[in-house]
**Q** 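Dropping the structure in here first, questions after.
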Amino acid sequence: MAHFLDELNDVQRAAVTTTEGPILVIAGPGSGKTRVLTYRIAHLIEKGAAPWEILALTFTNKSAREMKERIAGVVGNRAESVWAGTFHAIFARILRAEASKIGYSANFTVYDTDDTTSLIRTLIKEKNLDPNTYNAATIRTRISLAKSNLLSPTAYRGNVELQQQDLAAQRPYLADVYEAYVQRCRRAGAMDFDDLLFQLYRLFRENPDNVLDKYRKKFRYLHVDEFQDTNFLQYAILRQLVRYDGSAENIFAVGDDAQSIYAFRGATIDNILDFEKDYPRLQTFKLEQNYRSTHHIVSAANEVISNNRRQLNKTIWTDKNESRRIKLLKCLTDDEEARKVADLILEQKHRYHLPNSEIAILYRTNAQSRKFEEQLRRHNLSYKIFGGLSFYQRKEVKDLVAYLRLSVNPHDEEAFRRVINYPARGLSSATVDKLGQLAVERGLSLWDAMLLPELALSDRARKALGAFRKMVDAWSARARQDSAYKLASDIYRQSGLQEALKADTTTEGISRQQNAQSVLDGISEFSDTGLDAAGAIAGDDRTLAAYLQTITLLTDSDTTSDERDYITLMSAHAAKGLEFRSVFVTGMEDNLFPSYMAREEPNGLDEERRLFYVAITRAKEHLTISFAKTRYRFGQIRESKPSGFLSEIQIAHFEAVGGIGAGRNTAATDTYDQPRAAVSGNFTTPTRRNQTPKTAPPPPNFQPAPPDKIVAGSKVLHLKFGEGLVIAIEGPRDGKVATIQFYNDELPERRIVLKFAKLQIL
DNA sequence: GTTTCGCATCTTTTT
DNA sequence: GATGCGAAAC
């Protein structure tokens with residue numbers, strides 16, 4: 001009967017059929033992780049579990065959708081009742097149902113990153129803090145991290161380590177900003193992404209009997225995908241949900257510590273490592289056979305990841321013993337890189353009959369997509385860029401959505417500020433400032449402050465404000481009963497937005513109209529079918545409020561498109577969980593991949609390495625790695641060196657193609673024939689046959705700098721090791737030790753006592 | 001009150 | 001290279 005179990009190997013089957021108790025599946029890349037997860041759920045249903053007793057939490061809508069589809073493939077439409085979705089989407093759904101218990105309206109707004117940043121910016125201005133030291137994006141990250149670790153503003157203030165960090169960064173008032181931020185979100189009836197977790201935790205903690213218990217009983221089987229990317233808070237909620245009352249603790253977590261790439265967002269491998277401590281009866285399964293990639297790819301990946309210190313013991317292997325090697329593209333410029341990649345794609349398509357959909361170009365930063373886009377267009381290859389500016393971040397879309405949000409929740413401050421005078425209706429910033437000031441004084445939302453008699457305004461402004469309020473009020477009254485689509489299209493018209501967009505008849509203007517229109521189309525589909533924009537079933541709640549809460553949690557890769565056969569362009573992060581027959585990992589240069597930002601983070605380099613690991617393990621058959629000598633960055637041309645990660649791959653896995661410049665058969669492969677020199681070779685000396693000497697003669701104008709002049713971040717020149725970057729300085733005043741990464745060195749970094757070393761600052 | 005222009009600033013990854 | 005912000009022109 002359960003023939004699908006026959007498609008599994010022994011370990012996979014054991015994991016799938018162990019239905020009770022806590023289970024951890026460590027799943028290497030391409031080891032059938034999704035299959036195990038979906039078959040396990042299918043198996044549970046076949047064995048008689050009700051679909052609605054099953055909860056499956058993922059990180060992206062896409063994988064949730066995929067999972068549902070695959071479960072449906074086995075058990076049919078029963079799959080629809082399984083609670084599968086992202087942490088944020090599922091939690092938002094619960095919060096919406098229980099909002100009143102924590103003092104929120106069911107119509108609460110979800111603030112996205114832009115809203116959050118903009119609110120923080122407002123607060124910094126209100127508090128007269130310097131916006132340079134109090135960088136809104138930095139503060140957003142810190143607040144987010146605090147919430148992810150369950151630290152309230154009060155707890156934040158009491159945390160010695162955090163306080164010291166803030167003091168060191170000259171930001172003593174950060175906790176105040178945090179506190180004000182929380183207050184303002186609450187006043188606006190808004191939750192940010194972290195609140196969807198934080199508030200749920202609070203809801204459960206404060207209502208153990210009437211809320212938590214209900215959900216504990218409801219969800220008999222918990223599943224977590226990408227467990228390595230969960231943060232402390234997510235783990236805490238999972239602990240709340242797993243039943244303790246004598247019955248089995250049915251939590252099934254799947255993850256791979258080697259693919260943890262979201263530490264910057266608060267994810268912690270500790271969750272995997274602590275899992276066993278928290279659940280002594282834990283059963284662990286290791287999926288080590290890679291069914292995806294060929295031998296050279298798997299070996300290269302293993303070699304790279306073995307440089308990381310802290311990891312779970314496992315051996316990924318494959319039986320695909322094809323001889324095809326990894327291609328390395330050395331390029332002079334980023335332009336050339338894009339050209340070579342496009343050319344190679346054409347060649348591969350012909351030679352191996354690769355459809356576009358089996359090809360992906362990956363990069364570290366979204367900004368790198370541009371050059372590839374140009375080249376692919378030149379060759380008439382269809383492509384799709386994921387990430388970057390998503391549909392819902394476009395101005396016209398945000399404007400329309402802001403009006404919709406306001407009609408559902410007039411206290412939404414960010415939506416309010418966005419549209420109060422767009423299209424222009426005679427409400428200047430001076431008026432809004434006055435309103436904002438009064439609102440702060442009285443502790444009210446902007447919407448409520450509008451009614452205060454002491455709001456001193458000109459007659460003209462007062463009239464305009466009154467008209468605005470009346471308009472929004474009328475929408476609010478309809479929000480409860482009217483169809484979402486009817487209301488939304490009326491709002492589009494009555495707000496004046498439609499007219500404003502129509503006035504612009506340029507091509508971009510017309511596309512803006514279309515974008516606004518497609519928001520309305522999406523709402524129409526939602527009210528008709530209950531399908532949200534991600535194609536997921538949102539339940540029976542078809543109000544505008546329900547719709548708005550879903551779209552904030554969407555990203556680009558969730559919007560479905562009609563074009564199917566395209567080449568995929570995305571960041572390495574976005575590629576996690578995907579696979580392609582041919583993968584291009586591009587921009588493999590120092591300070592780009594690994595990112596220069598990673599240097600400042602403890603273990604930052606390890607995380608970058610895991611990211612590289614994720615990138616190369618996306619490839620099934622063809623893996624091409626490229627890097628460029630010069631690249632346009634920060635608005636100017638910069639020189640770069642090949643990524644240090646490349647030298648972690650044994651030369652035997654590479655096949656060399658192309659060379660620096662036009663020399664096709666001459667020196668092209670020279671530097672690659674010698675193991676260590678594979679990529680640590682210095683670009684600045686494009687020698688032909690001779691290797692660059694390891695130590696250059698001292699330049700005549702060498703001038704050592706006094707030790708106290710050298711600080712973290714300094715670029716220095718060392719007589720023996722050459723150029724390097726100072727990562728950290730530590731130790732007592734007269735015994736300072738610098739950790740320096742030398743660009744041209746076999747060691748990743750060296751510790752040097754400044755008193756003795758002679759270093760010139762560059 | 002509104003628009004436009006120039007300046008500055010910051011560019012890692014995302015639900 | 002893109003975006004936001006402030007000042008000056010309209």
Side-chain angles (χ1 to χ4, degrees), chain A residues 57-64 85-92 110-114 116-118 121-122 124-125 131-132 135-138 140-141 144 147-148 191-197 226 229-231 233-234 260-267 362-371 386-390 392-393 395 421-432 458 460-461 464 534 549-558 570-576 587 591-601 604 607-608 610-612 614-615 631-638:
Chain A
L57 296 168
T58 65
F59 276 86
T60 65
N61 294 294
K62 198 176 170 190
S63 48
T86 63
F87 278 90
H88 293 85
I90 298 276
F91 292 178
V110 179
Y111 273 173
D112 67 13
T113 312
D114 289 343
T116 299
T117 315
S118 134
R121 210 173 271 141
T122 308
I124 289 165
K125 214 180 281 173
N132 289 321
N135 174 287
T138 313
R140 184 200 347 108
T141 321
S144 169
K147 284 189 183 172
S148 307
M191 296 195 200
D192 64 18
F193 288 142
D194 301 304
D195 278 330
L196 294 176
L197 313 179
E226 310 284 11
D229 289 334
T230 52
N231 62 33
L233 177 50
Q234 283 161 327
S260 155
I261 52 175
Y262 286 108
F264 73 93
R265 217 163 76 184
L362 308 182
Y363 32 74
R364 181 63 181 78
T365 68
N366 283 310
Q368 289 164 251
S369 65
R370 185 181 229 92
K371 302 273 167 173
F386 295 84
L389 201 59
S390 91
Y392 292 97
Q393 285 178 299
K395 186 186 179 305
N421 198 34
Y422 180 80
R425 51 174 68 86
L427 289 164
S428 70
S429 53
T431 308
V432 181
S458 67
R460 222 159 98 193
Q549 280 169 1
T550 63
I551 61 167
T552 317
L553 302 173
L554 294 180
T555 56
D556 232 18
S557 43
D558 297 321
M570 56 171 51
S571 69
H573 280 90
K576 196 181 61 175
N591 290 326
L592 180 60
F593 201 161
S595 162
Y596 70 102
M597 300 286 283
R599 298 179 184 288
E600 291 166 25
E601 297 294 317
E607 173 140 322
E608 295 286 314
R610 290 191 294 267
L611 184 58
F612 182 48
V614 167
R631 179 177 297 278
Y632 218 77
R633 272 185 98 192
F634 307 112
Q636 54 182 316
I637 294 174
R638 301 245 173 151

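Nothing here was measured: the structure is a model prediction, and the numbers come from that model. Convention: sequence-line order gives letters A, B, ...; per-chain numbering from 1.
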**Q** Under 4.0 Å, heavy atoms only, any strand: does A:Asn421 hit a base, just the sugar-phosphate, or nothing?
**A**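 Counting heavy atoms under 4.0 Å across all strands, the contact made by A:Asn421 is with sugar-phosphate only.
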**Q** On the nucleotide C:dA2, are OP1 or OP2 found under 4.0 Å from the side-chain N or O atoms that A:Arg370 carries?
**A**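 True: A:Arg370 side-chain N/O within range (under 4.0 Å) of C:dA2 OP1/OP2.
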**Q** Would you indicate what A:Thr141 reaches in the nucleic acid, counting non-hydrogen atoms under 4.0 angstrom: base, sugar-phosphate, or nothing?
**A**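 Since no nucleic acid heavy atom lies under 4.0 Å of A:Thr141, the category is nothing.
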**Q** For a quick check of understanding: with a heavy-atom distance under 4.0 Å over all strands, which category does A:Thr113 fall into, base, sugar-phosphate or nothing?
**A**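 Base contact.
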**Q** Taking A:Lys147 first and then A:Asp192, would you say they form a salt bridge - that is, a charged N and a carboxylate O separated by under 4.0 Å?
**A**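 Yes.
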**Q** Quick check on DNA chain B: between A:Thr58 and A:Ser458, whose nearest nucleotide comes earlier from the 5' end?
**A**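 In this pair, the answer is A:Ser458.
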**Q** Applying side-chain hydrogen bond (donor to acceptor under 3.5 Å, both in side chains), can you list everything that pairs with A:Ser148, at least two apart in sequence or on another chain?
**A**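 Checked A:Ser148 against side-chain hydrogen bond (donor to acceptor under 3.5 Å, both in side chains); zero matches.
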**Q** Under 3.5 Å, is there a donor-acceptor pair between the side chain of A:Glu607 and the main chain of A:Gly604?
**A**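 Here the side-chain-to-backbone pair does not exist.
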**Q** Would you say A:Ser595 reaches B:dT11's phosphate, i.e. side-chain N/O to OP1/OP2 under 4.0 Å?
**A**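 It does not, given that no N or O in the side chain of A:Ser595 lies less than 4.0 Å from OP1 or OP2 of B:dT11.
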**Q** Above 12 or not: heavy atoms from other molecules or residues under 6.0 Å from CZ of A:Arg638?
**A**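 More than 12 heavy atoms, drawn from other residues, nucleotides or ligands, come within 6.0 Å of this atom.
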**Q** Hey, is A:Phe59 stacking on B:dT15? Ring centres under 5.5 Å, planes under 30°.
**A**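 A:Phe59 vs B:dT15: stacking no.
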**Q** Side-chain N or O of A:Thr552 less than 4.0 angstrom from OP1 or OP2 on B:dT15?
**A**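 The answer is no; no side-chain N or O of A:Thr552 sits under 4.0 Å from OP1 or OP2.
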**Q** Which part of the nucleic acid does A:Tyr596 contact within heavy-atom distance under 4.0 Å: base, sugar-phosphate only, or nothing?
**A**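 Counting heavy atoms under 4.0 Å across all strands, the contact made by A:Tyr596 is with sugar-phosphate only.
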**Q** Starting from the 5' end of DNA chain B, give me the residue, A:Met597 or A:Ala461, whose nearest nucleotide shows up first.
**A**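 The answer here is A:Ala461.
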**Q** C:dC5 phosphate, OP1 or OP2: any side-chain N/O from A:Arg121 under 4.0 angstrom?
**A**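 Yes.
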